[in-house]
Amino acid sequence: MLKLMFMLLFLIPVSFTLKGWWMIQNMMYLMGMLFIFMCVLEGNSYMSYFWGCDVISYGLILLSFWICALMLTASVSVNRFRFSSDLFLMMVLLLMFMLYCTFSSLSLFSFYVFFEGSLIPTFLLILGWGYQPERLQAGVYLLFYTLFASLPLLLGLFYLYYKSGSLSFYYEGGLSVLNFYVYLALIFGFLVKMPMFLVHLWLPKAHVEAPVSGSMILAGVLLKLGGYGLLRVYKYLILSGLKFNVMWISISLIGGVLVSLICLRQVDMKSLIAYSSVAHMGVVLSGLMTMTYWGFCSAFMLMIAHGLCSSGLFCLANIVYERLGSRSLMIAKGLMNFMPSMAMWWFLLCSCNMAAPPSLNLLGEIGLLNCIVSWTWVTMFMLMLLSFFSAAYSLYLYSLSQHGQVYSGLYSSSSGYLREYLLLFLHWLPLNLLIIKSEVFMLWM
């Protein structure tokens, strides 16, 4: 695990050289490819004293490399206008380093340190390269929501260490906590990071104010930190989970339906995609909370799928923003006449967002529906509404942006660069190819 870590650290000085941007972008893709060859199919591999990798870590580290490489491809305007591009590269590399360490930690304490550390580069990305003056408020929201929930998590980890004498993921001490306060302390930080409905207000703000790279990494990887943390911490919470989880499942499912209704009222593209993330993560959270084998596997699958799909949609929204100077669906109409070849990518990614075959979203959602309904059939009504509205807001986004009359204030545009088509293709291809090798997602436990 250390070889890629050192590679990332030694790339940081390169970001201050003359042609550093292209060098680092190519090296990020290279590291992604190298990591694919370090395949992990079962058990724990590449184990050392502090770092290691199993299938969940492997999938999420690979997703992080992929999204970070695509972030640089999407943010070429930062390089073109020399908008502190060296510092931007440094932030992306630091963020990638933090994520790499978070997912490959073998101890809950080092996981916690890097989990919190990933907040700093994200905060600086939003503050430094965001678009509107409200980015300051969005950054403060992000910081305070996450920190408010994270201090109890630290105390909960100290309590676990006091009781079991070890915080290693693979320590089989058989400790199971049946204390509501410890249970709440251990999962609340992850619920805010997911984010669960009721503590989700930082997410739409952060997304709308973040630059495209910030939105991509937020939707692609940082929301998955919450799900990963829950997967890791649940072995201590089996007894209390069976007792208290019903509360979170009901909040998530009802919240998912309400957020889907909010999506149908949005006029800002980025805001709509951000709220749809909250709805999808509600289903993931419900699946995790059932604490069944199907729930864990399908939640992991939908996390990977949502990371690619949501990130691709943010790229599309940014492409429109670069052309029109606005993300409003009132202005961005009739894009099919305006950028005809982009309409296909809008269609492909919107259909993935509503879990159309053959995307990985479909497989994940089928598994989650299966496990949540088998947990109790009462959830079926909310799941029906969630699936229906998921299709409704995806179609709303597609039809409102692609059809209609072109806004008369627009006078010229370029249809799309090769870089943008490549960027969207690299989001869409793994999303639809991974379903062919889907047993990896189901056989890791």
Side-chain angles (χ1 to χ4, degrees), residues 67-68 71 74-75 77-78 83-84 87-88 90-92 94-96 98-99 115-151 188-226 255 258-259 262-263 265-282 306-307 310-311 313-322 324-329 332 397:
I67 299 285
C68 281
M71 272 164 72
S75 309
S77 55
V78 173
F83 188 47
S84 305
L87 287 173
F88 179 82
M90 193 173 103
M91 285 305 135
V92 173
L94 273 176
L95 184 55
M96 183 60 233
M98 290 291 183
L99 289 169
F115 172 76
E116 289 308 313
S118 64
L119 196 65
I120 301 162
T122 317
F123 177 70
L124 292 172
L125 271 176
I126 293 175
L127 238 59
W129 291 269
Y131 300 126
Q132 279 95 2
E134 287 91 60
R135 62 179 187 263
L136 194 65
Q137 187 193 1
V140 170
Y141 257 63
L142 168 73
L143 207 61
F144 274 83
Y145 261 92
T146 314
L147 289 180
F148 165 71
S150 298
L151 187 63
F188 194 59
F190 301 131
L191 295 182
V192 170
K193 201 76 169 179
M194 282 285 284
M196 186 184 72
F197 182 70
L198 299 181
V199 283
H200 69 289
L201 285 178
W202 63 270
L203 183 81
K205 270 193 182 308
H207 269 312
V208 170
E209 303 307 327
V212 58
S213 54
S215 289
M216 285 168 69
I217 198 73
L218 261 172
V221 187
L222 292 177
L223 301 189
K224 315 299 171 277
L225 281 169
L258 293 175
V259 165
I262 293 172
C263 276
R265 300 288 299 153
Q266 295 300 318
V267 285
D268 184 330
M269 280 183 191
K270 260 193 164 180
S271 192
L272 196 155
I273 302 164
Y275 274 111
S276 79
S277 292
V278 181
H280 284 303
M281 284 293 133
H306 172 265
S310 201
S311 174
L313 282 167
F314 278 116
C315 288
L316 278 168
N318 182 64
I319 288 168
V320 171
Y321 180 70
E322 282 179 354
L324 314 185
S326 166
R327 292 188 307 259
S328 168
L329 286 165
L397 174 64

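As the structure is a computational prediction, the values presented were derived from the model and not from experiment. In what follows, every heavy atom counts, from backbone to side chain, and hydrogens, waters and symmetry copies are set aside.
From Lys193, atom NZ reaches atom CG of Leu225 across 6.0 Å, with rounding to the nearest 0.5 Å. With rounding to the nearest 0.5 Å, the separation of CG in Leu222 from CE in Met98 is 12.0 Å. A distance of 3.5 Å separates CE of Met216 from OG of Ser311, quoted to the nearest 0.5 Å. Distance check: Glu116 CD to Leu147 CG gives 6.0 Å after rounding to the nearest 0.5 Å. To the nearest 0.5 Å, atom CD1 of residue Ile126 and atom CG of residue Leu136 are 11.0 Å apart. For the atom pair Leu201 CG and Tyr145 OH, the distance stands at 4.0 Å (nearest 0.5 Å).
Val259 has its side chain out of reach of Met281: every pair of non-hydrogen atoms, C-beta onward, lies at least 4.5 Å apart. Looking only at side-chain heavy atoms (C-beta outward), Val278 and Ile262 stay at 4.5 Å or farther from each other. In this structure the side chain of Leu223 reaches within 4.5 angstrom of the side chain of Leu203, judged on heavy atoms. Contact check for Tyr275 versus His207: no side-chain heavy atoms found under the 4.5 Å cut-off. The shortest distance between side-chain heavy atoms of Ile273 and Leu397 falls below 4.5 Å.
Ring pair His306/His280 is tilted by interplanar angle, where 30° to 60° counts as tilted.
Across all their heavy atoms, Pro195 and Trp202 have their closest contact at CB-NE1, 4.0 Å. The nearest pair of heavy atoms linking Glu322 to Ser77 is OE2-OG, 3.7 Å. Phe123 and Val140 make their closest contact through CE1-N, 4.0 Å (heavy atoms, listed as atom of the first residue, atom of the second, distance). Considering all non-hydrogen atoms of both residues, Trp129 and Met91 come closest at CZ3-CG, 4.1 Å. Of all the heavy atoms in Ser310 and Ala219, the pair that sits closest is OG-CB, 3.6 Å. Heavy-atom minimum distance, Ala317 versus Lys270: CB-CG, 4.4 Å.
Of the possible donor and acceptor atoms, one in the side chain of Thr122 sits under 3.5 Å from a partner among the backbone N and O of Ser118.
Applying the side-chain hydrogen bond (donor to acceptor under 3.5 Å, both in side chains) test to Arg327 and every residue at least two apart in sequence or in another chain returns Asp268.
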